[in-house]
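Letters A, B, ... are given to chains in the order of the sequence lines, protein chains preceding strands, and every chain is numbered from 1.
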Amino acid sequence: MAFLQRASRTFKWIHTRYAGHPFRLATATLQSLLALHVFWKFGYSVEPTWGASMLPTIQVMGDHVLISKQYRRGRGIEVGDVVAFNSVYEPGETVIKRVLGMPGDYVLRDTPGRSNVMLQVPEGHCWVIGDNIPYSRDSRHFGPLPMGLIRGKVLAVVFPWGERRSIGREDLKPVEN
Amino acid sequence: MTPPVESWDVQELEARTLGNAKGRRRKDFEGELGKCEMLELLQYMCEVERPVTRDSKTRCWPVERLFRRCRDKEGSFMVETTAWEGTAKKI
């Protein structure tokens with residue numbers, strides 16, 4: 001009952017503060033929208049995904065991923081992380097791939113087993129490849145990705161809730177020699 | 001714009017690792033890749049049965065990618081050694 005009383009008190013407070021005060025209501029709405037925008041842009045976001053390029057890490061459709069924007073522009077990203085970035089082909093679209101090389105690192109230029117050509121990732125760039133190699137359009141096609149295009153790091157699949165799981169550099173495992 | 005990037009054969013890997021991203025010689029690293037920490041990342045070749053829905057059967061075959069985490073004076077860097085020491089099959 002204490003909860004109900006508190007809820008009713010809050011409701012009364014909202015009512016006396018905003019009912020009949022259109023300017024106050026408009027300001028509060030705008031402030032909330034701006035706060036939400038800032039949170040979405042610089043904090044966290046949950047976004048739906050589509051496509052076969054990150055199988056089996058992310059399902060072909062219906063998965064929603066949690067993205068941390070702390071890592072925007074590639075800050076704090078390491079090899080093995082999964083990142084969301086603005087598409088190089090279609091502006092406005094977001095693409096998700098795994099980072100295999102950071103500036104100064106050495107990576108295979110093509111699909112493993114197809115050629116032995118390598119390159120060194122230039123400064124300010126990273127090398128991104130989809131987990132489902134044959135179905136991915138990635139650095140093998142468009143070359144090194146400018147880190148400025150990175151919107152954030154994919155931390156986990158959070159929806160469907162029953163299939164939630166974390167995603168990231170823990171897939172890069174030490175090998176005993 | 002991405003600068004032009006030079007690509008080269010895996011045979012040159014050890015010699016190439018002597019230079020950093022700025023094109024200067026790495027300090028405290030002599031190109032001994034075999035002594036660096038070895039890491040493995042599995043990527044995949046997956047086929048989804050049609051029609052594609054969330055419940056479609058997905059079959060995946062792993063593709064092993066190998067890396068070495070080496071250290072120089074400025075910190076650590078990663079070298080993909082899939083072609084250098086791996087047993088990559090043609091896919």
Checklist entry - Can you say whether B/V48 sits under 4.5 Å from chain A via the side chain, the backbone, both, or neither, judging by heavy atoms? => result side chain
Checklist entry - Pick from B/T17, B/T58, B/T81: which one has the most heavy-atom pairs with chain A under 4.5 Å? => result B/T17
Checklist entry - Do NZ/NE/NH1/NH2 and the carboxylate oxygens of B/K35 and B/E30 come within less than 4.0 Å? => result no
Item to check | chain A contact via B/C60 - side chain, backbone, both or neither, heavy atoms under 4.5 Å | outcome: side chain
Checklist outcome for this item: Filtered by a 4.5 Å non-hydrogen cutoff, the part of residues 54-64 of chain A contacting chain B is A/L55, A/P56, A/Q59, A/V60, A/M61, A/G62, A/D63
Next on the checklist: Regarding B/D28 and B/K73, does a basic nitrogen lie under 4.0 Å from an acidic carboxylate oxygen?
Outcome noted: no
Item to check | Choice from B/D9, B/V10, B/L13 maximising heavy atom contacts with chain A below 4.5 Å | outcome: B/V10
Next on the checklist: Would A/R72 pass as a cation-pi partner of A/F85, given that its NZ or CZ must be under 6.0 Å from the six-membered ring centre and within 45 degrees of the axis?
Outcome noted: no
Next on the checklist: Using heavy-atom distances under 4.5 Å, tell me whether A/V79 contacts chain B through its side chain, its backbone, both, or neither.
Outcome noted: side chain
Next on the checklist: If the threshold is 4.0 Å, N to carboxylate O, is there a salt bridge linking B/E74 and B/K27?
Outcome noted: no
Checklist entry - Between A/K173 and B/E40, does at least one N-O distance fall below 4.0 Å, as a salt bridge requires? => result no
Checklist entry - Of all of B/E12, B/Q11, B/R26, B/E37, which one pairs up most often with chain A through heavy atoms under 4.5 Å apart? => result B/R26
Checklist entry - Hey, is A/D171 close enough to A/R98 for a salt bridge, meaning N to O under 4.0 Å? => result yes
Item to check | Charged N-O contact under 4.0 Å between A/R169 and A/D81 | outcome: yes
Next on the checklist: Looking only at side-chain N and O atoms, does A/R151 offer a donor or acceptor that is under 3.5 Å from a partner on A/T94?
Outcome noted: yes
Item to check | Interface moiety of A/E163 toward chain B, non-hydrogen atoms closer than 4.5 Å | outcome: side chain
Checklist entry - Run the side-chain hydrogen bond (donor to acceptor under 3.5 Å, both in side chains) check on B/E80 and A/Y106 step by step: do they pass? => result CA-CA 6 Å; B/E80 181 171 1; A/Y106 305 82; over 6 Å; no
